[in-house]
Amino acid sequence: MSSISVIVVGDIPDVDWSLSGLGLDESIEIQIEKAATTDDALESIAVTNHDLCFIGGTVATASAILVDLTQAGLKTRVVPVLTGRNVGDRRALRALGAMTVVDADDHFPFIVPHLVAGAIERKAEALRYRDEREGLIRQLLDLRDEQERIDEQSAQLVEMAEDLQISKETLERLNSEKNRLFSIVAHDLRSPFNSILGYAELLAATADKLSPDQVKHYAEAAHLAASNVFKLMQTLLEWARLQMDHVDFEPRHASISDLTEDTMKVYENIAYRKGITLDFDVEDAEAFCDPGMIETVIRNLVNNAVKFTKTGGTVRLTAEQVNGAITVSVRDDGVGMTPDQVAKCFSISGNVKTTGTSGETGTGLGLLMCKDLVEKNGGRIHVESKIGEGTTFTFTVPAVHQEVLRHSAG
């Protein structure tokens, strides 16, 4: 059952305020409240939101009451019902917000049902509007939630597309690197094997006709080719194990001077035969690293430096502690590299076969392995080189402490 609240302020004669005989819809409950004074009306509107207000009195009285009620927050429709001598401008009441102005005469009781019915219809319309508004708000909220879900799904789809693109690019790169690796293996294994097979066949067919010096020459050539195959296979196996993460990583405190000095001693004889001076200037500092891995890096870099340095040149190894890291550099004054070779020397896709100053062969896989080993130990490696001026490889590893040791060998 719906209801309507009516407040009557002042005395309006000759009206049955029970409204029982108004002929209105019986399903509508009509609540009538009478306020004898303005104060009573103010107390009532403070707690009740009335749907219709009748004010009885003269134009002046009704105007004063209407002003007080409006200032107190009355927001309902007001109908002044004028009684007695009505001296004054009724338009002033309309200007103050009165819905209509009627007289308390014989016709007023018949007007009341229409005024109440109008208030009932307006309230029903307001309730319908409120329900429609709330429904629209709920729809807007649902649409907003749906849009947020769509935006979230769109973001997820974009992220998935980006991930798929990255995966596609990664797979393409890995496939290209795999093909390049197979090409390197096929080319660089075939050449020394052909040499071995050729010298072995020559020795087998003509050994009884060759002089001892010729036999020795062919045997040494076959041995050198076999050694190159062995070194290549060793490098490939070490690099492959590293890629598959099958290499044990055991970092500990290690003397960087011990690691470098041992390597330099290994290459002193090779450098001597090529007429190259080895020199190193190393701080006696401790690094936190896997000694075997870092020794492999140093060995590969020194080997490359000796390989690409001509007779009379110098290979210099330095190590110092800088900002909590050990910086190791291997510098040579050898043949150097082009900018394109520098850019590709740590990439298998750009890796090419190289030849040393004495005909030494290599694939460059050792540099790839050096990069992986250095990064596994928490460091970085980079190269600087100019054609005809030499090359410098520099890498870092975490430091522990430092002392200074200087040594030179030539």
Side-chain angles (χ1 to χ4, degrees), residues 143-189 232-251 287-290 292-294 296-298 300-301 304 322-330 337-354 362-385 391-399:
L143 287 173
R144 187 191 66 182
D145 293 341
E146 183 65 23
Q147 184 62 47
E148 289 178 352
R149 286 194 293 270
I150 292 173
D151 291 343
E152 183 178 354
Q153 291 175 354
S154 297
Q156 291 174 349
L157 289 173
V158 170
E159 185 176 355
M160 289 173 61
E162 292 175 349
D163 290 343
L164 286 173
Q165 181 62 28
I166 292 173
S167 298
K168 177 176 177 291
E169 292 173 355
T170 301
L171 287 173
E172 290 176 349
R173 177 179 56 82
L174 291 175
N175 190 54
S176 175
E177 292 180 356
K178 178 201 69 175
N179 292 338
R180 181 58 186 165
L181 177 61
F182 287 163
S183 175
I184 291 171
V185 172
H187 181 276
D188 289 284
L189 283 180
L232 174 60
M233 290 299 298
Q234 191 175 35
T235 300
L236 287 172
L237 289 173
E238 288 181 5
W239 184 77
R241 290 180 63 217
L242 188 63
Q243 296 305 302
M244 293 184 293
D245 204 24
H246 289 172
V247 177
D248 293 333
F249 178 53
E250 300 177 349
F288 186 74
C289 62
D290 184 302
M293 290 185 177
I294 298 305
T296 298
V297 173
I298 296 172
N300 273 273
L301 296 181
N304 282 347
V322 180
N323 297 327
I326 304 296
T327 299
V328 181
S329 293
V330 178
M337 291 187 288
T338 66
D340 184 61
Q341 288 174 318
V342 169
K344 295 179 178 179
C345 69
F346 293 119
S347 171
I348 190 171
S349 59
N351 194 263
V352 294
K353 181 179 178 180
T354 55
T363 63
L365 287 178
L367 291 179
L368 300 180
M369 185 167 60
C370 287
K371 180 177 182 294
D372 289 342
L373 291 174
V374 168
E375 291 180 352
K376 193 172 186 66
N377 280 270
R380 292 290 182 269
I381 186 169
H382 71 276
V383 59
E384 297 176 0
S385 184
T391 301
T392 301
F393 282 91
T394 302
F395 70 90
T396 61
V397 286

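FYI, side chains are in, hydrogens and waters are out, and symmetry mates aren't considered; it's all heavy atoms of this structure.
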Q: To the nearest 0.5 angstrom, please state how far the CG atom of D145 sits from the CD1 atom of I150.
A: 11.0 Å
Q | Side-chain heavy atoms of F395 within contact of V330, under 4.5 Å | A | no
Q) At their closest point, which heavy atom of L367 faces which heavy atom of C345, and how far apart are they? A) CB-O, 3.7 Å
Q) Can you name the nearest heavy-atom pair linking V374 to R380, along with the distance? A) CG1-N, 3.5 Å
**Q.** Interatomic spacing from CG in L164 to CG in L171 - rounded to 0.5 Å
**A.** 10.5 Å
Q: Please name all residues satisfying side-chain contact (heavy atoms from CB on, under 4.5 Å) with E162, sequence neighbours left out, ordered by chain then number.
A: V158
Q: May I have the step-by-step check of side-chain contact (heavy atoms from CB on, under 4.5 Å) for M337 and V383, ending in yes or no?
A: CA-CA 10 Å; M337 291 187 288; V383 59; 3.7 Å; yes
Q: Report the distance from atom CE of M369 to atom CG of N300, rounding to the nearest 0.5 Å.
A: 4.5 Å
Q) Is it true that a side-chain atom of N377 and a backbone atom of D290 form a donor plus acceptor pair closer than 3.5 Å? A) yes
Q.
Return the CE to OG distance between M160 and S167, rounded to the nearest 0.5 Å.
A. 10.5 Å
Q.
Tell me every residue that passes side-chain contact (heavy atoms from CB on, under 4.5 Å) with E159, counting only those two or more places apart in sequence or in another chain.
A. D163
Q: Measure from the side-chain N and O atoms of T392 to the backbone N and O of E384, and report whether any donor-acceptor pair falls under 3.5 Å.
A: no
Q.
Quick check for you: to the nearest 0.5 Å, what is the distance between E169 atom CD and I166 atom CD1?
A. 7.0 Å
Q | Spatial distance of atom CG (D151) from atom CZ (R144) [nearest 0.5 Å] | A | 12.0 Å
Q.
Checking E375 now: which residues fulfil side chain to side chain donor-acceptor pair (under 3.5 Å) with it, not counting sequence neighbours?
A. K371
Q) Does the distance from a Lys or Arg side-chain N to an Asp or Glu carboxylate O, for R149 and E146, drop under 4.0 Å? A) yes
